[in-house]
There are 2 protein chains.
Amino acid sequence: MTSEMPPIPWHKARRADTRQPLTPEAVVEAGIRVLDRDGLEGLTMRRVAQELGTGPASLYAHVSGKDELMELMLERISGEIRLPDRPEPERWKEQIKEVCREAQRVYTAHRDITVVSLGGIQLGPNKLKVAEFVVGLLLSAGIPRQVAAFALDGLGQLIDSDAYEASLYTAKIAAGVDVDAYFDGVRDYLARLPEERFPLLKDMAETMVHGGGDERFEFKIEVFLRGLESYIER
Amino acid sequence: MTSEMPPIPWHKARRADTRQPLTPEAVVEAGIRVLDRDGLEGLTMRRVAQELGTGPASLYAHVSGKDELMELMLERISGEIRLPDRPEPERWKEQIKEVCREAQRVYTAHRDITVVSLGGIQLGPNKLKVAEFVVGLLLSAGIPRQVAAFALDGLGQLIDSDAYEASLYTAKIAAGVDVDAYFDGVRDYLARLPEERFPLLKDMAETMVHGGGDERFEFKIEVFLRGLESYIER
DNA sequence: TCTATCGAACGAACACTGTTCTACGGAGTC
DNA sequence: GACTCCGTAGAACAGTGTTCGTTCGATAGA
């Protein structure tokens, strides 16, 4: 014998809820999944909500808006960066390179997230952990404090911009573009430039497109580190 | 005695047209005006069209879409970069710095346009003119061709990312944010970090925020040029 | 136990976005 | 004059981030 009342017709029944309640962490993880699949341009609150089986308005109970969501995603992604076990000052350059390669690897794996990083100063614990390690290495190598601080900026920018650029080529490849043909096209274009205006670029067309993304990235970091080396106080 | 027929009621009268017909150049210039006023986020086809006293659909007769418009705007803006009168190989470093400062000055004057530049390879004549000059200087200094080609990448990235970052601070200032107080907040945050996890960053809080944007930019270019110097064949 | 409060979740709606589609007018050509 | 082409214009489409108002469930307090 049931004493339950029938449902009031204008009340919206909540679905029998087998889903976990939302958390900020769940929102961020869903955001990263959408980013990885659709890129930053495809990252919409509706898609994130859909990924969680809910509606976009529900996300605002956990993040203040899309900007905050992206910052949280960046910080979460930065946590994937693995650092060397311990600093080895005698090979500081090689270790900085390792960290740079690793950061670039992590960011590149998450589409164009580094546009968010280029936006300014991040103070989350994951980002600061990397910074602390890099600063420690630079100081142990004898680089002055202010130089080390500025170097953090420079390395960060080289990593971020390179990862962003790499993401665009990755997206091209995923969209079916033949990237080799693309670079051939750039080379051919340079080779066809008017001689009187662009003699060097024309002559160096092959050189300009030579080298893959990783080779270019390695070179830029190497150049920057050589420059830093000149500041070592000994 | 007039023989003119009265207007057909369902025909849309065109306004007596004192406006110039649209051209691609006019569209680009209007785009730059909107960019300068509202930033890249405020750059919408509707606003550009409004700037020209027309409707957004009219723009598509002149540009294929918003992406193309932004590329054209970047190329037009790059034309504002003034180069030294002639290359002076004996002071190649100082001249590269002058070009970098000038490029940064121009881009910074146009809000966050360099996000477009970070997107990849630009082949417009204005961009190529700068590249030709820089490559010429590097080669005249004795830097190998492949190194010079890669260096173009690196310098471009440092300029673009720095200009983008600067634009965000400019926007903050325009929005009434006290940027000094903002940096004080960053310094205070670093100073309050847990000692056991972030001893160096905590100790260097003041150093991390020391230095204005131009000083930081100059340093990064200097470091990169010192590194390049080590490749000079002599 | 009952009541009040709060926070999470939800759907509808708003103002806005880039772009396409269709129609029209004007200019040029035959 | 008829036809064609191109630029312009407005309406519409599918989509965006966010706000607003409502409901529900959990919790605290009387």
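A note on names: the letters A, B, ... follow the listed sequences, proteins ahead of strands, and every chain is numbered from 1. This structure is a prediction, so every number in the text was calculated from the model and none was measured. Worth knowing before you read on, the calculation uses all heavy atoms, side chains too, and leaves out hydrogens, waters and symmetry mates.
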Self-check item: Distance in angstrom units between B/M70 CE and C/dT17 C1', rounded
Solution: 13 Å
Quiz item: Angle class for the A/F150/B/H210 ring planes (parallel below 30°, perpendicular above 60°, tilted otherwise)?
Solution: parallel
Self-check item: Sub-4.5 Å side-chain heavy-atom contact between B/T108 and B/D162
Solution: no
Quiz item: Looking at B/L138, B/V134, B/V135, which hits side chain to side chain contact (heavy atoms under 4.5 Å, CB included) with A/L200?
Solution: B/V135
Exercise. Evaluate the side-chain proximity of A/Y169 to A/V177: yes if any heavy-atom separation is below 4.5 Å, no if none is.
Key: no
Quiz prompt | Pairs where residues 179-191 of chain B contributes a residue and the test side chain to side chain donor-acceptor pair (under 3.5 Å) is met, not counting sequence neighbours | solution = B/D184-B/R187
Quiz item: For B/L22 and C/dG26, what is the distance between atoms CG and P respectively, to the nearest whole Å?
Solution: 16 Å
Quiz item: In whole Å, what is the span from the CG atom of A/L69 to the P atom of D/dG17?
Solution: 10 Å
Self-check item: Gap separating the CG atom of B/L74 from the NE2 atom of B/H110, nearest 0.5 angstrom
Solution: 10.5 Å
Self-check item: B/A57 side-chain proximity, nearest of D/dT8, C/dA9, D/dG10
Solution: D/dG10
Quiz item: Atom CZ of B/R47 and atom C1' of C/dA15: how far apart are they, to the nearest Å?
Solution: 12 Å
Practice problem: Report the distance from atom NZ of B/K66 to atom C1' of D/dG15, rounded to the nearest whole Å. | Solution: 14 Å
Quiz item: Can you check the A/Y60 OH to D/dG17 P distance for me, whole Å?
Solution: 7 Å
Quiz prompt | Distance, rounded to the nearest Å, where A/L59 contributes CG and D/dG17 contributes C1' | solution = 11 Å
Quiz item: Looking only at side-chain N and O atoms, does B/H62 come under 4.0 Å of OP1 or OP2 in D/dT8?
Solution: yes
Quiz item: Which of residues 26-46 of chain A have a heavy atom under 4.0 Å from DNA chain C?
Solution: A/R46
Quiz item: If you find the nucleotide of DNA chain D closest to A/D67 and the one closest to B/T23, which residue's nucleotide is nearer the 5' end?
Solution: B/T23
